[in-house]
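Okay, structure first, notes after.
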Protein chains: 2
Amino acid sequence: MGFLKGVEYLDHLAYDSVIFGFAGDNLKILLMEYHDTALFALPGGFVQVDEDLNEAVSRGLAERTGIQNVYLEQFYTFGDAKRNLTGEMNKILNANNLGDDSLKWILNRFVSVAYLALINYKNVNPRPDEISDSCTWYDVNNLPPLIQDHSTIVEKALITLQSQLDHKLPIYELLEEQFTMAELQRVYEVILNESLHRGSFQRKMLSLGILKRHEKQFNGGANKAPYLYSFLK
Amino acid sequence: MGFLKGVEYLDHLAYDSVIFGFAGDNLKILLMEYHDTALFALPGGFVQVDEDLNEAVSRGLAERTGIQNVYLEQFYTFGDAKRNLTGEMNKILNANNLGDDSLKWILNRFVSVAYLALINYKNVNPRPDEISDSCTWYDVNNLPPLIQDHSTIVEKALITLQSQLDHKLPIYELLEEQFTMAELQRVYEVILNESLHRGSFQRKMLSLGILKRHEKQFNGGANKAPYLYSFLK
DNA sequence: CGATTATTGTCGCATTATGAGACATTAAAG
DNA sequence: CTTTAATGTCTCATAATGCGACAATAATCG
């Protein structure tokens, strides 16, 4: 077993989370940067000995972003034998003066369960943990180099997001409570990475019967004002 | 770490596989029954310390069915804290005179990665392992009670199968090299659990351009003989 | 104050996909 | 030769989708 600050964790098992947000017409994810290193990683963590796996992920997400009751979806478990943090983590531990033997277990091989979450960009209060000094949003199309196989994890998360977009993913988490049709279309376009026909998109969305129309929004532009919509609960 | 016959395994980590076959117009899965118990379980196993997770599953499947190069898809990782085999496994170990302490680790909490496979019913040579005396096909709609949460795992496998049927799953593994349109339709109907319109199904399949038409099959029936088809490679 | 501009809501049309029934074909049995 | 049952294909109605067009409208500009 591994111990971290007096808590016992399952050895060889971790989770990583790909946390999506939407801002400035682009899809973002949360990344951590470790103190005094140029190493970026997905926010992840370990599973306590008597803790549900899903609970562990919720807990970690709450600790890092301050938000709770998030839509979390498990999408793949990465289990290659050579998945370990030797090298990178040595650098991190040294930079943080944590080089004692009690943390050696962190250098073991880890099987990692990957989750994705869709959250509202504005609701987040990214908080660094003890060994990372920033937890910041990055444009998903312009990520820094990530440690280990974290780039692969992000890729797989994106593919999952795309394939499940029409089925069950609660896209509304990404937007404000109320939004325009153009904003909603932009979310779809960014996730699918393709442009959609405006008329068809609007017709399709309205035909689904999942949107409620509200007051028009006078946005100050020299044009017709759009309606605001929200998702029916 | 856990030891089994001199090999070292990752503790707290297991896999379970839902192996689908098709025979007699029905979808089947492989189940193991333990010696001298009435306990049925999905074929599963453990991951060696220096072994890729995917490798472990392939290895286990080859050991139990004799077939290799199977399409294996990971679909979920079950990680509830109370997932353990206390009770059931005690019964199994006692029935097999394996009640010594060296196997105590098997009673721990296990996080299990679940895989599904589609294989050709006829190619399989189910082989029991040391502690299970049968590894047999069961109709998926008529399963015996399964240990632990294995029924839940089967359910989730079925849902995954259904949702991915049109996208990427290599259904052809379930059939012979050549097959009739009626047989193919039956596979779809069994997986989707609904009947399909014959004309529409045939039109759809032919329009996909993934089938090659062969000689007619004179099946001895008092009716027009169907063509045989195979999937284009 | 009227013309202009950019964006929006909606419609029409062509094309494609889908559901359902119908009809001729055909291999074997009587 | 007739009958039977399954098959290949067709037609029609309906639904879904891609794409362009048009009127409406809020702000700006002359």
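Just so it is clear, the model here is predicted, and its values are computed rather than measured. Throughout, a chain's letter reflects where its sequence line sits, starting with A, and its residues are numbered from 1.
With 3.5 Å as the limit, one finds no donor-acceptor pair spanning the side chains of A:Tyr71 and A:Glu173.
Atom pair B:Glu215:CD and D:dG8:P shows a separation of 14 Å (rounding to whole Å applied). If you measure from atom CZ of B:Arg186 to atom P of D:dT7, you get 13 Å, rounded to the nearest angstrom. C:dT25 atom C1' lies 17 Å from atom CE of B:Met181, rounded to whole Å. One atom, NZ of B:Lys216, and another, C1' of C:dT25, lie 8 Å apart when rounded to the nearest Å. Look at CG on A:Leu208: it is 13 Å from C1' on D:dT17, rounded to the nearest Å. Remark: P of D:dG18 and OH of A:Tyr188 are 14 Å apart, rounded to the nearest angstrom. Atom pair A:Phe218:CZ and D:dT25:P shows a separation of 10 Å (rounding to whole Å applied). Rounded to whole Å, atom C1' of D:dA16 lies 12 Å from atom NZ of B:Lys204.
The aromatic rings of A:Tyr121 and A:Trp137 lie tilted to each other, with the angle between the two planes from 30° to 60°.
Counting only distance, with no hydrogens or angles, the side chain of B:Gln48 and the backbone of B:Leu10 share no donor-acceptor pair below 3.5 Å. Looking only at distances, a side-chain donor or acceptor of A:His12 sits under 3.5 Å from a matching main-chain atom of A:Arg109. With hydrogens and angles disregarded, no donor-acceptor distance shorter than 3.5 Å links the side chain of A:Glu177 to the backbone of A:Ser230.
A distance of 9.0 Å separates NE2 in B:His150 from CZ in B:Phe78, rounded to the nearest 0.5 Å.
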Please list, for nucleotides 3-6 of chain D, all pairs of protein and nucleotide N/O atoms separated by less than 3.5 Å.
| residue | atom | partner | partner atom | Å |
| --- | --- | --- | --- | --- |
| D:dT4 | O2 | B:Ala222 | O | 3.0 |
| D:dA5 | N3 | B:Ala222 | O | 3.3 |
| D:dA6 | O4' | B:Asn223 | ND2 | 2.8 |

Please write out the pairs of protein N or O atoms and N or O atoms of nucleotides 9-11 of chain D separated by less than 3.5 Å, giving the distance to one decimal.
| residue | atom | partner | partner atom | Å |
| --- | --- | --- | --- | --- |
| D:dT9 | OP2 | B:Arg213 | NH2 | 3.1 |

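Remark: A:Arg213 is positioned above the aromatic ring of A:Tyr227, its terminal NZ or CZ atom under 6.0 angstrom from the ring centre and at most 45 degrees off the axis.
Taking the ring-ring contact (aromatic ring centres under 6.0 Å, His included) definition, one finds that B:Phe231 meets it with B:Tyr172, B:Phe179, sequence neighbours left out.
Contact check on A:Glu63 versus A:Arg59 returns a salt bridge, with a Lys/Arg side-chain nitrogen under 4.0 Å from an Asp/Glu carboxylate oxygen.
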